[in-house]
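This report concerns only the one structure given below.
Treat the numbers as computed from the prediction; the structure is a model and nothing was measured.
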Amino acid sequence: MEKLRKVRGVHDLLPNELHNHNIVVNTGLKISDKYNYSQIEIPIFEFAEVFTKPLGKSSDIVTKENYIFKDRSEDELMLRPEGTSGVVRAFLNAGLVQDVPQRFSYCGPMFRYERPQKGRLRQFKQFGVECLGLSNSMADVEVISLGYDFLSQLSLLDKIDLKINTLGDLESRKNYKQALVNYLNDYQSKLSKDSLNRLSVNPLRILDSKNEGDKKIVENAPNIIEYLNSHSKRHFDDICIGLDHLNIKYTIDKNLVRGLDYYCHTAFEFTTNELGSQGTVLAGGRYDGLSKMLGGPDVPGVGWAAGIERLALMIQSNFDDKIDVALIARSENINYLLMPIMKKLVQTEIKSEIIYTGSLSKKFKRANKIRASYAIIIGEEEINKKLIRFKDMKLGSEEFLDLNQAIKKIKKIS
RNA sequence: GCGGGUGUAGCUCAGUUGGUUAGAGCGCGGGUUUGUGGUACCUGAGGUCGCCGGUUCGAAGCCGGUCACUCGCCCCA
């Protein structure tokens, strides 16, 4: 077995697990389409700077969690750790700046070299949406509403809370950062080691520290709301009003911040306490500066990404792998008669399996195991009558029918 | 990257203070049933006890290392 190890933090998706993933993705695609978000697909690797520039030099995603490698032409490439940067890059490359707003959805694998935990893998999948070209606060509301409906359709709303906050625009954030650092400087001796380090690198991150001592200090820290300029304040207020009008419940969490540099204004998170410490199930925000960081023009954007594995862990579904018909020949030398029958069934959208080997008893055991609703049996007697034997596996009843009659019976009930 | 827990059959787990051929249930194969499944009974296969090393007359159990999983931290979806 030693040789068959798989790489740490990656998962195989067997049919029953993949089934849940597909439910999540298909639900996302369907609801996004109704909001007029069109699915796109972009590469799973890019030039490293597509991610390093916008995500920020201080973010863990870039500094210690990246999968960076050089290809044969010595280009520095990176497996994508998130979707937004690549979507915006694609948007810019396609020249769609001329044609805004653009609304996209995407899904696929992301890569982060982290310590694996439940709901946290090194290769994991996200489903996300991005709305590009709108600075209007209603775009934020639209995107949150889409996320809300998505979770609603997965029947997860009662297990999930929505938290929102604002980071303000650049000016507001700069003022706030200064005030925060001034406040925290008085507590340097009491801050945790991590937070002390963040004080110079990314002080906002201290706000969502889970260290108990830090939490106490942060309780009385200045509130960003009070440092917002009028534009930022209005943007945030409008979002709250918009959500209120949709009856979407939320709590304002003044300590909710984002680790990535490109965020501004709105930050939001849908969280659950059912997944241990990996409680964030869908999160996003506004990223007006991202396009410029990539070297493009100023294009505002809002969006979110959801963890497909995390959602798949939460949804209730029973993987139903039963089939309509088991096809059985009485002896193996007439197996060739089964394939034409199967073809006919396939054409009428009936799902079947031919059971090729074993004694008749074994074949029925197999038919039972694959949970066939019916069995079609052929043998000498059936060939002579030019009919098939049709068995209802649930009732145990059998009758001689021609294939068309059997198809009608199968169709009627299934 | 840091700290705690776990690792025995395909799955869920027993296995006494270290003692001889390592167990159960489920699942899987064969049979009771040479033209009929589900239930029942009979029966069989499947383990280098995660891996490497050490202690010991003797290790699944102790010690060290390593790998994986898991929980928490960091971080994030």
The side chain of [X] lies closest to which of these nucleotides: [options]?
X: Phe364(A); options: C76(B), C73(B), U36(B); result: U36(B)
X: Tyr113(A); options: C73(B), G1(B), A77(B); result: G1(B)
X: Arg112(A); options: U36(B), C76(B), C71(B); result: C76(B)
X: Leu360(A); options: U36(B), C74(B), G38(B); result: U36(B)
X: Lys369(A); options: C69(B), A77(B), C28(B); result: C28(B)
X: Arg115(A); options: C76(B), G37(B), U70(B); result: U70(B)
X: Arg120(A); options: G1(B), C71(B), G30(B); result: G1(B)
X: Asn368(A); options: A77(B), G38(B), G31(B); result: G38(B)

G-U wobble or Watson-Crick pairing nucleotide for [N] (cut-off 3.5 Å, both distances):
N: G72(B); value: C2(B)
N: G25(B); value: C11(B)
N: C62(B); value: G54(B)
N: U32(B); value: A40(B)
N: U17(B); value: none
N: A45(B); value: none

Nearest whole Å is fine: how far is [N] [atom2] from [X] [atom1]?
X: Phe400(A); N: U36(B); atom1: CZ; atom2: P; answer: 14 Å
X: Arg366(A); N: C28(B); atom1: CZ; atom2: C1'; answer: 13 Å
X: Ile378(A); N: U36(B); atom1: CD1; atom2: C1'; answer: 15 Å
X: Glu381(A); N: U36(B); atom1: CD; atom2: P; answer: 13 Å
X: Tyr67(A); N: C76(B); atom1: OH; atom2: P; answer: 17 Å

Report yes if at least one side-chain N or O of [X] is closer than 4.0 Å to OP1 or OP2 of [N]; otherwise report no.
X: Ser361(A); N: G37(B); value: yes
X: Lys362(A); N: U33(B); value: no
X: Arg205(A); N: C76(B); value: yes

### Residue from Asp140(A), Leu282(A), Asn165(A) passing side-chain contact (heavy atoms from CB on, under 4.5 Å) with Phe268(A)
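Answer after filtering Asp140(A), Leu282(A), Asn165(A): Leu282(A).
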### Message
Using the side-chain contact (heavy atoms from CB on, under 4.5 Å) definition, which of the options Leu401(A), Leu338(A), Ile328(A), Ile388(A) pairs with Ile376(A)?
### Response
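Testing each of Leu401(A), Leu338(A), Ile328(A), Ile388(A) against Ile376(A), the sole residue satisfying side-chain contact (heavy atoms from CB on, under 4.5 Å) is Ile388(A).
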Considering every strand and a 4.0 Å limit on heavy-atom distances, what is the contact class for [X]: base, sugar-phosphate, or nothing?
X: Ala305(A); result: sugar-phosphate
X: Gly379(A); result: nothing
X: Gln117(A); result: base
X: Gly396(A); result: base
X: Arg371(A); result: nothing
X: Gly284(A); result: nothing
X: Met393(A); result: base
X: Lys391(A); result: base
X: Leu275(A); result: nothing
X: Gly9(A); result: sugar-phosphate

### Query
Below 6.0 angstrom between ring centroids: does that apply to Phe51(A) and Phe47(A)?
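No; Phe47(A) has its ring centre 6.0 Å or more from that of Phe51(A).
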### Query
Taking the chi torsion of G61(B), is it syn (within 90° of 0) or anti (everything else)?
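Syn.
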### Task
Run the salt-bridge test on Arg112(A) and Glu82(A) with the 4.0 Å N-O cut-off and return the result as yes or no.
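Salt bridge absent between Arg112(A) and Glu82(A).
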### Query
Does a salt bridge link Arg286(A) with Asp288(A), judged by any charged N lying under 4.0 Å from a carboxylate O?
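Looking at Asp288(A) together with Arg286(A), the answer is yes, because their closest N to O distance falls below 4.0 Å.
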### Task
Taking atom P in both U66(B) and G5(B), compute the distance separating them and give it to the nearest angstrom.
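The same atom, P, in both gives a distance of 16 Å.
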### Lys385(A) charged N/C atom sitting above Phe400(A) aromatic ring, 6.0 Å / 45°
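Yes, Lys385(A) sits over the ring of Phe400(A).
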### Query
Within 45° of the ring axis of Tyr35(A) and under 6.0 Å from its six-membered ring centre, is that where the NZ or CZ of Arg103(A) lies?
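Pair Arg103(A)/Tyr35(A) does not count as cation-pi.
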